[in-house]
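Scroll down for the structure; my scribbles are underneath it.
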Amino acid sequence: MDKFGKRQPVKRVEDIRFLTGTGRYVDDIAPENALHAFFLRSPVAHAEITELDVSDARDADGVHLVLTADDLIAAGVSLGMEASLVRNKDGSKGANPERPILAHGRVRFVGEPIACVIAETITQAKDAAEQIVFDFEELDVHVTPMPGGTTIHPEAPENVAFDWGMGDAAKTEARFASAAHHLTYEIGDNRVIANSMEPRGCFAEWDGSRLHVCVNGQGVWGTKDQMAVHLGLPKDQIRVTNPDVGGGFGMKGFNYPEYFNIGHAARALGRPVRWIGERTESMLTDNSGRDLVTKCELAFDENHKMTAYRVSTICNLGAYNSGYAQAIQTELFSKVLMGTYDVQDTYLQVQGIYTNTTQVDAYRGAGRPEAIYALERAMDYAAQDLGVDAWALRRKNFIADKAFPYRSSTGEIYDVGDFERVLDRVEAECDRAGFAARRAASEAKGKLRGLGLCYYIESILGDPKETARVDFNDDGTATIFVGTQSNGQGHETVFAQFLSDHSGIPLDKISFVQGDSDQIPKGGGTGGSRSGTTQATATLATVQTMIAAFTPFLAEQFDVAEETIRFDDEKFRAEGSNQTCTMLEAAEMARSNGRSDLLSHTATTELPGRSFPNGAHVAEVEVDPDTGKVAVVAYTVTDDFGNLLNPMVVEGQVHGGVAQGLGQALCEHVVYDENGQLLTATFMDYGMPRAADMPMVGFSTEGVPSTANVMGMKGCGEAGTVGSMAATANAVMDALRCAGVTEGDMPFTPQRVWSMLQSRGDAVAAE
């Protein structure tokens, strides 16, 4: 790429191999002689294991190993998986029942792994699994996320994993007692499955002294740490890598039982072992997202200024704690509890419930979309009940631009913001003034038209530390090593582009390395939209380290005073002379002079605080009352992401996030029956958005640079989803109100919308 200015919309270089079928995904690069693994999984949601006989399977053709929980224990493998815990309101820790990497004594959800069969071929492994005798005594099943029901874990009476709270309950109640208006709404947030394009998978190989595990995850260090714990190996005997990864969305940010079984099998057999999930297997076992019901209470004074906000949530954890599950709807939800509104008296109370279903954990946004969805749906409902314009109600309650930095009611420091400016821009971009005419045109065709707004704010950071390393290679190129992990976000382009912008090294001379615990000793991986802010900050610090290291060397080579050496993002220059050199030329000079110490540079940085991207989403929908079909006919976004590294990649991230939010709002929905059987375990039953369902997304930015990092950036990866769910739901309800429907929850499928319209029609007829 020729040098033509920073932060340009450079096309993603990795897309060439992705689109031509030359990507290196985990199932593409497994060793050719690898054995195949297949997992026998529970067909029932809750049962005591009365017999597990694997003798016939062990004798089957091609089988090398069959593992059960007892086999793992005998081999010294630790069964229980790690998970984060929150504190209850009384100060005690949330429940921490064991989640075994193979079922031990009891199964607690359909799909839980019971045994692992390793064979020469996947067909032989599947055939052998059919010869396993698995008998069980079924137990009552608890699938409704409410306290009570049959006990799933003795550590959690009434199946309550935690009872968590934040805020001043008494002060908040006093505000409600004196409020002119006290409004209450119950808002559901349906369960979804991530359904990444590439299912989860891994392979492992043991060379006699070290274990290499390759997993399609969102980082390598957590897996390395836990592999050491489970297998009892020193960390320096473990290498974990992530190759190309076909989508993560939070779901691949955790460890799963399969990885530890495969690691142990490879070590035990001295042969590489591979596993890749099938689609239904993934739908049964991947961590789900959302699945909560929230009661929102809003207090307003006589002038419609909100004075207090109280939230009570019940969230479904599934059968066990997953990696971050307890923190998602508590600590992370609280980060943006009050959104962009200036209210200081709030209280958040959350109960987490175990059910005989698959685990629920982070899904694109991890708690923040859930909080904003509840708040922005409640604001729309409140506007209707107060008889005011929903946009005006938001404007009246915005945090004023002069109030920044602003400490939210839950202790977050919003460093900067200009919500009025962003809302003004999106109002013009979506042509709100012309909506009445468009609605009339739809009505003339027998259709219902609605316009929905969501104003969101995100809280971005994750692990605040990150490391970057730049090596200068013998062939005159450079390599950047990063601690984040791309799952399709474009890191290979963006971080090389950023290095090029600040070092002058041509983009086509930079190679990119990620996801290798041997080459990158420590990193934070990818999650919480942290990658851009943390990695760019570390990369900039690395460039500064390079400049500082080369400066005295070049002063000696140029025979000038050290203080005359300057670097201008393209070249080193000696002031007062015509002597210059590029960064690559400086590296070559160092190599020629035996200065190998100048050929590798590393920096680790730690951000001082979070960034808070925010923005407005406006969805415009048309509903066919005869079929219930919802068509999103226009979609407009104005975001404040601060400064952008690559506008094209940012816009692509927003498009993808919007698609996932629209999917949940309009068609995606996980359904279990009363026996804990997943009824939506294939794409025949689980609705996914298609290209024809997606509108063109109008995208614009009104950036207010963040003060929380030197580049003034704000993370963008999850923002599209955070804003799109409520915008779409509010638009559908705006349309349905024209037909007298006043309440509704996602997903707004044709059947559900048609039924809502019919129910309202029947009610009107009865009146």
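All values derive from a computational prediction rather than experimental measurement. Just so you know, these numbers use all the heavy atoms, side chains as well, and skip hydrogens, waters and symmetry mates.
In this structure a side-chain-to-backbone donor-acceptor pair under 3.5 Å is present from Asn88 to Asp163. Looking only at distances, no side-chain donor or acceptor of Arg175 sits under 3.5 Å from a matching main-chain atom of Lys171. Proximity of a side-chain donor or acceptor of Gln218 to a complementary backbone N or O of Gly250 within less than 3.5 Å is detected. Of the possible polar contacts, one joining the Asn397 side chain to the Met306 backbone as a donor-acceptor pair under 3.5 Å is found. Between the side chain of Thr313 and the backbone N or O of Val350, no donor-acceptor pair lies under 3.5 Å. Arg364 places no side-chain N or O within 3.5 Å of a backbone atom of Thr721 that could act as its donor or acceptor partner. A donor-acceptor contact shorter than 3.5 Å links the side chain of Asp640 to the backbone of Val704.
Applying the ring-ring contact (aromatic ring centres under 6.0 Å, His included) test between Phe419 and each of Phe404, Tyr341, Tyr406 identifies Phe404 as the sole match. No option in Glu370, Gln660, Glu718 other than Gln660 meets the side-chain hydrogen bond (donor to acceptor under 3.5 Å, both in side chains) test with Tyr363.
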Should Ile187 and Val293 be marked as a side-chain contact (heavy atoms from CB on, under 4.5 Å) after you check the CA-CA gap, both sets of side-chain angles, and the distance that decides it? CA-CA 6 Å; Ile187 297 167; Val293 176; over 6 Å; no
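In this structure, Phe612 and Tyr414 have tilted ring planes: the angle between them lies in the 30° to 60° band.
Aromatic rings from Phe495 and His491 are positioned such that their centres are separated by under 6.0 Å.
Using a cut-off of 4.0 Å between Lys/Arg side-chain N and Asp/Glu carboxylate O, Lys629 and Asp693 are scored as salt-bridged. A salt bridge is absent between Glu668 and Arg290; no separation between the charged side-chain nitrogens and carboxylate oxygens falls under 4.0 Å. Salt-bridge formation is detected for the pair Arg368/Glu458: a Lys NZ or Arg NE/NH1/NH2 atom is positioned less than 4.0 Å from an Asp or Glu carboxylate oxygen. Ion pair Arg432/Asp389 flagged as a salt bridge, since at least one NZ, NE, NH1 or NH2 atom sits closer than 4.0 Å to an Asp/Glu carboxylate oxygen. Residues Glu429 and Arg425 are paired through a salt bridge, judged by an N-O separation under 4.0 Å between the basic side chain and the carboxylate. A salt bridge between Glu620 and Arg438 is present, with a side-chain N of the basic residue lying under 4.0 Å from a carboxylate O of the acidic one.
Inspection of the Asn321 and Gln326 side chains reveals an N or O donor paired with an N or O acceptor under 3.5 Å.
For the pair Arg87 and Trp164, the cation-pi test (distance below 6.0 Å, angle within 45°) is failed. Geometrically, Arg310 engages Phe176 in a cation-pi contact defined by less than 6.0 Å to the ring centre and at most 45° from the axis.
Considering only residues two or more places apart in sequence or on other chains, Ala659 meets the side-chain contact (heavy atoms from CB on, under 4.5 Å) condition with Met694. With sequence neighbours excluded, the residues satisfying ring pair (Phe, Tyr, Trp, His ring centres under 6.0 Å) with Tyr635 are His617.
Summarising the local packing, CE of Met648 is surrounded by more than 12 heavy atoms from other residues, nucleotides or ligands at distances under 6.0 Å.
Going from atom CG of Leu298 over to atom OG1 of Thr346 covers 11.5 Å, rounded to the nearest 0.5 Å. Taken to the nearest 0.5 Å, the CE atom of Met725 stands 12.0 Å off from the CD atom of Glu376. Gln351 CD to Asn316 CG: the interatomic distance, rounded to the nearest 0.5 Å, is 12.5 Å. The structure places NZ of Lys396 at 10.0 Å from CZ of Phe300, a figure rounded to the nearest 0.5 Å. Leu448 CG to Cys738 SG: the interatomic distance, rounded to the nearest 0.5 Å, is 6.0 Å.
Within the structure, every pair that satisfies the salt bridge (charged side-chain N to carboxylate O under 4.0 Å, His left out) test and touches residues 730-744, not counting sequence neighbours, is listed here: Arg439-Asp734.
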